[in-house]
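What you see below is based on every heavy atom in this structure, not just the backbone, and it leaves out hydrogens, waters and symmetry mates. Keep in mind that what you see is a predicted model, and the values were worked out from it rather than measured. Proteins get letters first, then strands, A, B, ... in listed order; numbering begins at 1 in each.
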Amino acid sequence: MNLGYACINMTLSDGIPKTKRVMTNRSMIRRTFDKMGTNYASELALLNCIDLFNILKWNKENNFSFYRLSSEIFPWSSEYKIHNLKDYDHIEMTLDAIGKFANAEGMRLTCHPGPFNKLCSHKENVVLNTIKDLETHANIFDIIGLPKTPFSKINIHVGATYGNKQKAADAFCRNFERLSDSVKARLTVENDDKASLYSTKDLYELIYKRIGIPIVHDFHHHLFCDGGLNQEEALGLAVSTWGDVKPVVHYSQSKSIEYNNPKIKPQAHSDFYWEPVNTYGHNVDVMCEAKAKEKAVIGLREMIFNKMEAK
DNA sequence: ATAGGTCAAGCGAGG
DNA sequence: CCTCGCTTGACCTAT
């Protein structure tokens with residue numbers, strides 16, 4: 001079982017001034033983009049790519065082989081073609097080196113495009129923006145040279161019902177056919193954290209049965225939208241959708257419980273972990289979504305290790 | 001170097 | 001009608 005973390009490495013930036021932090025999500029607000037243009041986006045993207053390599057090297061040294069790439073490596077990527085960027089040669093060289101390194105080390109790299117991706121929308125413009133964003137993620141994965149399988153998953157939520165779950169799920173499946181093979185081969189769906197949305201069971205019935213893409217089971221979300229199944233049943237159902245590829249699950253705990261503060265929404269992710277993950281005997285990779293990132297995962301690792309030692 | 005206000009996109013829940 | 005939470009807190013301006 002590999003434990004992974006998402007996008008940000010806190011250790012590498014410990015005690016380092018803001019301007020020199022190791023980060024892969026340098027961006028800018030609209031006003032700055034209008035003023036500075038695509039060339040500045042290119043410079044930020046290159047810095048982000050170089051730091052991505054730095055994080056992966058840190059991951060190797062610290063025995064992390066599972067990591068989620070930020071979706072903001074290329075700022076304002078909807079406004080230009082990546083291969084037209086002025087620093088593209090350098091960017092491509094960096095991403096290619098990253099891919100060779102990651103593949104040689106057996107690292108698993110994934111991504112999780114944002115909540116604005118609504119493949120089920122009835123608004124054509126929203127769907128077009130979603131398709132564009134998904135294609136951009138796949139394009140980056142292709143440049144890096146990552147497998148065109150859910151091993152390098154591009155994971156999204158269905159995320160909306162518009163008052164009719166069945167109808168929205170139908171739209172999701174129809175629009176799935178408009179995606180390139182590069183996206184289709186990697187796309188996965190994750191259960192939502194609201195009762196009105198999609199449980200793991202809903203995804204199995206409404207999405208997997210129809211288009212066959214794997215389901216990422218999020219243990220924390222399941223607490224708020226269980227579809228009538230317990231954790232073990234839902235996990236088993238999700239695991240059954242992955243074929244030959246090792247399934248991914250998401251694990252986080254509630255910040256509201258962590259700080260004993262009822263004002264914090266129970267859905268919010270905790271900073272750290274206090275309970276080890278239970279995978280019910282399944283061989284899965286666990287993406288850890290705690291806010292303290294790799295620091296939380298190191299704690300979780302120790303917890304799991306101590307539990308094994310005690311046996 | 002830091003504090004405080006500001007910031008693309010979609011949706012649903014809660015005040 | 002506004003804010004939060006999710007994706008991922010970071011940018012920008014003034015001090």
Trainee: Once you round it to whole Å, what is the distance between C1' of B/dA13 and CG of A/D192?
Mentor: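 Rounded to whole Å, this separation is 13 Å.
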
Trainee: Measuring to OP1 and OP2 of C/dC6, would you say a side-chain N or O of A/H157 lies under 4.0 angstrom away?
Mentor: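 The answer is no; no side-chain N or O of A/H157 sits under 4.0 Å from OP1 or OP2.
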
Trainee: Is it true that A/K118 and A/D133 make a salt bridge, defined as a side-chain N closer than 4.0 Å to a carboxylate O?
Mentor: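 Result for this pair is no, no salt bridge flagged.
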
Trainee: In whole Å, what is the span from the CZ atom of A/R21 to the P atom of C/dT8?
Mentor: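 For the pair A/R21 CZ and C/dT8 P, the rounded distance is 16 Å.
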
Trainee: Aromatic rings A/H221 and A/H269: how do their planes relate, parallel, tilted or perpendicular, breaks at 30° and 60°?
Mentor: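 Judged by the thresholds at 30° and 60°, the geometry between A/H221 and A/H269 is tilted.
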
Trainee: Once you apply a heavy-atom cut-off of 4.0 Å, does A/H221 come out as touching a base, just sugar-phosphate, or nothing?
Mentor: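 Touches sugar-phosphate only.
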
Trainee: Aromatic rings A/Y280 and A/F219: how do their planes relate, parallel, tilted or perpendicular, breaks at 30° and 60°?
Mentor: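 Ring orientation, 0 to 90° scale: tilted.
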
Trainee: B/dG4 and C/dT7: how far apart are their P atoms, nearest whole angstrom?
Mentor: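 Between the two P atoms, the distance is 29 Å.
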
Trainee: Using modelled atom types and a 3.5 Å cut-off, is there a donor and acceptor pairing between side-chain atoms of A/Y67 and backbone atoms of A/C7?
Mentor: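 Yes; judged by distance alone, with no hydrogens or angles, the pair exists.
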
Trainee: Considering only atom C1', compute the distance from C/dC4 to C/dG9 and round it to an integer number of Å.
Mentor: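 After rounding to an integer number of Å, I get 14 Å for this pair.
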
Trainee: With rounding to the closest Å, how many angstrom separate the P atoms on C/dC6 and B/dT2?
Mentor: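 Between the two P atoms, the distance is 27 Å.
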
Trainee: For atom P, what is the distance between B/dC7 and C/dC2, given to the nearest Å?
Mentor: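 Taking atom P in both B/dC7 and C/dC2, they lie 15 Å apart.
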
Trainee: Would you mind building the protein contact string for nucleotides 2-10 of chain B? One character per nucleotide, 5' to 3', B for base within reach (heavy atoms under 4.0 Å), S for sugar-phosphate only, - for untouched.
Mentor: -----SBBB

Trainee: Say you draw a straight line from CG of A/L187 to CG of A/N117; how long is it, rounded to the nearest 0.5 Å?
Mentor: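 If we round to the nearest 0.5 Å, A/L187:CG and A/N117:CG are 9.5 Å apart.
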
Trainee: Looking across every strand, which nucleic acid part, if any, lies under 4.0 Å from A/K291 by heavy atom: base, sugar-phosphate, or nothing?
Mentor: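 Contact class for A/K291: sugar-phosphate only.
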
Trainee: Strictly below 4.0 Å: does A/R68 bring a side-chain N or O up to OP1 or OP2 of C/dT8?
Mentor: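 Answer yes for this pair, as a side-chain N or O of A/R68 is under 4.0 Å from OP1 or OP2.
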
Trainee: What's the NE2-C1' distance between A/H220 and C/dT7, to the nearest Å?
Mentor: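 Whole-Å distance recorded here is 15 Å.
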
Trainee: Would you call the rings of A/Y273 and A/Y251 parallel, tilted or perpendicular, where under 30° means parallel and over 60° means perpendicular?
Mentor: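 Rings of A/Y273 and A/Y251: parallel, as their planes differ by under 30°.
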
Trainee: Measure CD/A/E190 against C1'/C/dT8 and give the value in whole Å, please.
Mentor: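 The distance from CD of A/E190 to C1' of C/dT8 comes to 14 Å, rounded to the nearest Å.
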
Trainee: So, for A/E275 and A/L300, which heavy atoms are closest and what is the spacing to 0.1 Å?
Mentor: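 Smallest heavy-atom distance, with atoms named: O-CD1, 3.8 Å.
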
Trainee: DNA chain C: stems of at least 3 consecutive Watson-Crick or G-U pairs, cut-off 3.5 Å?
Mentor: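 Stems (3+ consecutive pairs) listed as B:1-7 with C:9-15, B:10-15 with C:1-6.
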
Trainee: Using whole Å, what does the distance between atom C1' of nucleotide C/dG9 and atom CZ of A/R26 come to?
Mentor: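 A/R26 atom CZ is separated from C/dG9 atom C1' by 14 Å.
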
Trainee: Of the options C/dC12, C/dA10, C/dT7, whose atoms approach the side-chain atoms of A/T32 most closely?
Mentor: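 For the A/T32 side chain, the nearest candidate turns out to be C/dC12.
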
Trainee: If you look only at pairs with a residue in residues 28-55 of chain A, which of them pass as a ring pair (Phe, Tyr, Trp, His ring centres under 6.0 Å), with sequence neighbours excluded?
Mentor: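 Pairs touching residues 28-55 of chain A that pass the test: A/F33-A/W76, A/F53-A/F101.
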
Trainee: With a non-hydrogen cut-off below 4.0 angstrom, is A/K293 in contact with a base, only sugar-phosphate, or nothing?
Mentor: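 Answer is sugar-phosphate: A/K293 comes under 4.0 Å of backbone atoms only.
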
Trainee: According to a strict under-4.0 Å criterion, is A/H269 in side-chain N/O contact with OP1 or OP2 of C/dC6?
Mentor: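 Checking C/dC6 against A/H269, a side-chain N or O does come within under 4.0 Å of OP1 or OP2.
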
Trainee: Out of C/dT13, C/dG9, B/dA13, which has the shortest distance to the side chain of A/K265?
Mentor: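 So the side chain of A/K265 is nearest to B/dA13.
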
Trainee: Of all the nucleotides listed (C/dT13, C/dT7, C/dG9), which has the minimum atom distance to the side chain of A/K35?
Mentor: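 Within the option list, the nearest is C/dT13.
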
Trainee: Quick check: A/H217 with A/H250 (ring centres under 6.0 Å apart)?
Mentor: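 Ring-ring flag for A/H250/A/H217: false, centres at least 6.0 Å apart.
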
Trainee: Could you measure between the two C1' atoms, the one in C/dA10 and the one in B/dC11, and give it in whole Å?
Mentor: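 Comparing C1' positions in C/dA10 and B/dC11 gives a spacing of 23 Å.
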
Trainee: Have A/H220 and A/S252 got a donor and an acceptor in their side chains that come within less than 3.5 Å?
Mentor: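 The criterion, which ignores hydrogens and geometry beyond distance, is not satisfied for A/S252 and A/H220.
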
Trainee: Starting from P on C/dC6, measure out to CG on A/N25 and report it in whole angstrom.
Mentor: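 Those two atoms, CG and P, are 16 Å apart.
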
Trainee: For atom C1', what is the distance between C/dG5 and B/dA3, given to the nearest Å?
Mentor: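 About 25 Å, rounded to a whole number of Å.
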
Trainee: Distance from A/K153 atom NZ to A/L109 atom CG, nearest 0.5 Å?
Mentor: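 With rounding to 0.5 Å, NZ (A/K153) is 11.0 Å from CG (A/L109).
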
Trainee: Roughly how far apart, to the nearest Å, are C/dT8 and B/dT6 at atom P?
Mentor: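 These two P atoms come out 26 Å apart once rounded.
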
